[in-house]
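To keep things clear, I will list the structure first and then write my remarks on it.
Every number for a ligand or one of its atoms is a count from 1 in the order of the listing.
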Amino acid sequence: MIIAVDGPAASGKGTVARALAKHYRLPHLDTGLLYRAVAENVHRLDLDPTKEADAVAASNFDDSLLDDPVLRSDEAGQRASIVSAHPLIRAALLQRQRKFAHQEGGAVLDGRDIGTVIAPEADAKLFVKATPQIRARRRHAELKAQGSTLSFDKVLADIRARDQRDMGRDAAPLVMAADAGILDTSFLSIEAAVKRAIELVERQLRLKAANG
Ligand code: CDP
């Protein structure tokens, strides 16, 4: 069973995806980390993330980088959203994600284009969203806990900038799959969001079974 979880920054999609993976005993891939790793490599090699050729030159990262907490920083997220707009970067990461999705038994993947590009055939799809203010509040708290001193206003501005880049790009823009279930986490606790996510997945699985 493949479960696709998409949505904008700090919408709660990672938390929901991890909980679904635990509930259904499936492996989970946070695909944003792949773009963050490329972006971090671009930075370490002192290359320009806005140049596609520079990003491609940095696209072969060592897998140990995926565990580096530096990938979770606000800067890494911003740079990731710049490199992720390059079609050649998306192409370079495509097979790895498809292979993960299609492993035996299935998987849960979260990102921006899982239900639309990576696994349009997914058995269940969720689009997780929340208002920009609420997402900024969550991300601000997360970053603060990591020791960051970024102001709330800066975090909110960064989230809006990232939304605009992710939704406005030509290559696999952030857009809801037509057959995705919407999960608005704005006013839900984590427990309530996870409960609702499981209900939405179950409903899609039932529909799928009924349609043969
Ligand atoms: O955790 P957060 O939502 O802030 O970010 P992320 O999921 O780690 O993604 C970082 C950036 O990578 C996003 O702003 C997107 O530009 C890009 N991304 C993407 O283009 N496609 C994906 N499947 C996942 C992430």
Side-chain angles (χ1 to χ4, degrees), residues 2-18 28-43 49-50 52 55 58-59 61 65-101 107-120 122 125-130 132 134-143 145-146 148 150 154-177 180 183 185:
I2 301 174
I3 303 179
V5 182
D6 290 303
S11 55
K13 65 185 182 309
T15 304
V16 160
R18 275 191 302 276
H28 164 237
L29 180 65
D30 170 357
T31 64
L33 273 185
L34 305 176
Y35 295 93
R36 285 171 181 261
V38 172
E40 177 62 19
N41 229 5
V42 167
H43 180 61
T50 64
E52 187 164 37
S59 62
F61 55 85
L65 180 57
L66 295 172
D67 298 319
D68 193 324
V70 78
L71 296 193
R72 309 273 173 192
S73 70
D74 189 60
E75 296 78 33
Q78 289 294 335
R79 287 192 203 110
S81 116
I82 294 171
V83 300
S84 72
H86 301 309
L88 288 177
I89 291 300
R90 305 205 73 83
L93 298 174
L94 185 81
Q95 276 321 316
R96 179 183 186 141
Q97 296 174 77
R98 287 220 169 127
K99 206 167 151 205
F100 191 92
V108 180
L109 289 85
D110 76 82
R112 301 289 187 291
D113 63 342
I114 309 304
T116 50
V117 175
I118 303 298
K125 298 180 186 178
L126 296 183
F127 191 83
V128 185
K129 60 182 202 177
I134 286 175
R135 292 188 282 129
R137 211 182 295 153
R138 291 177 186 158
R139 186 50 48 92
H140 184 240
E142 239 171 61
L143 292 169
Q146 289 169 16
S148 156
L150 281 186
K154 168 82 173 103
V155 174
L156 177 59
D158 284 355
I159 281 206
R160 287 193 194 281
R162 205 130 69 85
D163 280 356
Q164 235 168 28
R165 259 202 305 270
D166 291 351
M167 293 191 283
R169 70 188 178 210
D170 291 331
L174 170 63
V175 53
M176 191 179 101
L183 176 59
T185 67

Open item on the list: Suppose we measure from atom 10 (C) of ligand 1 to each protein heavy atom; which comes out shortest, and what is that distance?
Closed with: R162 NH1, 3.4 Å
- [ ] Please identify each residue that fulfils salt bridge (Lys or Arg N to Asp or Glu O under 4.0 Å) with D113, with sequence neighbours left out.
- [x] R90
Open item on the list: Nearest 0.5 angstrom please: I159 CD1 to Q164 CD, how far?
Closed with: 13.5 Å
- [ ] Report yes if Q97 has an N/O atom closer than 3.5 Å to an N/O atom of ligand 1; otherwise report no.
- [x] no
Open item on the list: Which residue in the set V42, V38, I89 passes side-chain contact (heavy atoms from CB on, under 4.5 Å) when paired with P49?
Closed with: V42
Task: Point-to-point distance, once rounded to the nearest 0.5 Å, from CZ of R79 to CZ of R36 - done: 11.0 Å
Open item on the list: For R169 and S84, which I'm curious about, is there any donor-acceptor pair between the side chains at under 3.5 Å?
Closed with: yes
- [ ] May I ask you to decide if P120's main-chain N or O and K125's side chain share a donor-acceptor pair within less than 3.5 Å?
- [x] yes
TODO: Specify side chain, backbone, both or neither for R72, according to which of its non-hydrogen atoms lie closer than 4.0 Å to ligand 1.
DONE: neither
Task: Verdict with reasoning, D6 to R112, per salt bridge (Lys or Arg N to Asp or Glu O under 4.0 Å) - done: CA-CA 5 Å; D6 290 303; R112 301 289 187 291; over 6 Å; no
TODO: Start with the C-alpha distance between R162 and D158, add both sets of side-chain angles, then the distance that settles salt bridge (Lys or Arg N to Asp or Glu O under 4.0 Å), and finish with yes or no.
DONE: CA-CA 6 Å; R162 205 130 69 85; D158 284 355; over 6 Å; no
Task: Min N/O separation K13 to ligand 1 under 3.5 Å - done: yes
TODO: Would you check whether R165 reaches within less than 4.0 Å of ligand 1, judged by its heavy atoms?
DONE: no
- [ ] Return a yes/no value for R90: is any of its N or O atoms, backbone included, closer than 3.5 angstrom to an N or O of ligand 1?
- [x] yes
Open item on the list: So if I count the atoms of ligand 1 from 1 in the order they appear, which ones are less than 4.0 Å from some heavy atom of D166?
Closed with: 13 (C), 14 (O), 15 (C), 16 (O)
TODO: Just jot down the ligand 1 atoms closer than 4.0 angstrom to any heavy atom of A80, in number order.
DONE: 10 (C), 11 (C), 12 (O)
Task: Close approach of Q78 to ligand 1, heavy atoms, under 4.0 angstrom - done: no
Task: Distance-only donor-acceptor check, side chains S11 and R135, under 3.5 Å - done: no
- [ ] Tell me which protein heavy atom sits closest to atom 24 (C) of ligand 1, plus the residue, atom name and distance to 0.1 Å.
- [x] T31 OG1, 3.4 Å
Open item on the list: Would R112 count as a polar contact of ligand 1, with the cut-off being nitrogen or oxygen pairs under 3.5 Å?
Closed with: yes
TODO: Starting from atom 12 (O) of ligand 1, locate the nearest protein heavy atom and write down its residue, its atom name and how far away it is, to 0.1 Å.
DONE: Y35 CB, 3.7 Å
Open item on the list: Looking only at protein heavy atoms, which one is nearest to atom 1 (O) of ligand 1, and what is the separation?
Closed with: R139 NH2, 3.4 Å
TODO: Distance to 0.1 Å, residue and atom name: give those for the protein heavy atom nearest to atom 17 (C) of ligand 1.
DONE: S84 OG, 3.5 Å
- [ ] Report the nearest protein non-hydrogen atom to atom 5 (O) of ligand 1: residue, atom name, distance rounded to 0.1 Å.
- [x] R36 NH2, 3.1 Å
Task: By salt bridge (Lys or Arg N to Asp or Glu O under 4.0 Å) - contacts of R138 (at least two apart) - done: none
- [ ] Report the part of S11 (side chain from C-beta onward, or backbone N, CA, C, O) that has a heavy atom under 4.0 Å from ligand 1; answer both or neither where that applies.
- [x] neither
- [ ] Please verify whether a non-hydrogen atom of A10 lies at under 4.0 Å from ligand 1.
- [x] yes
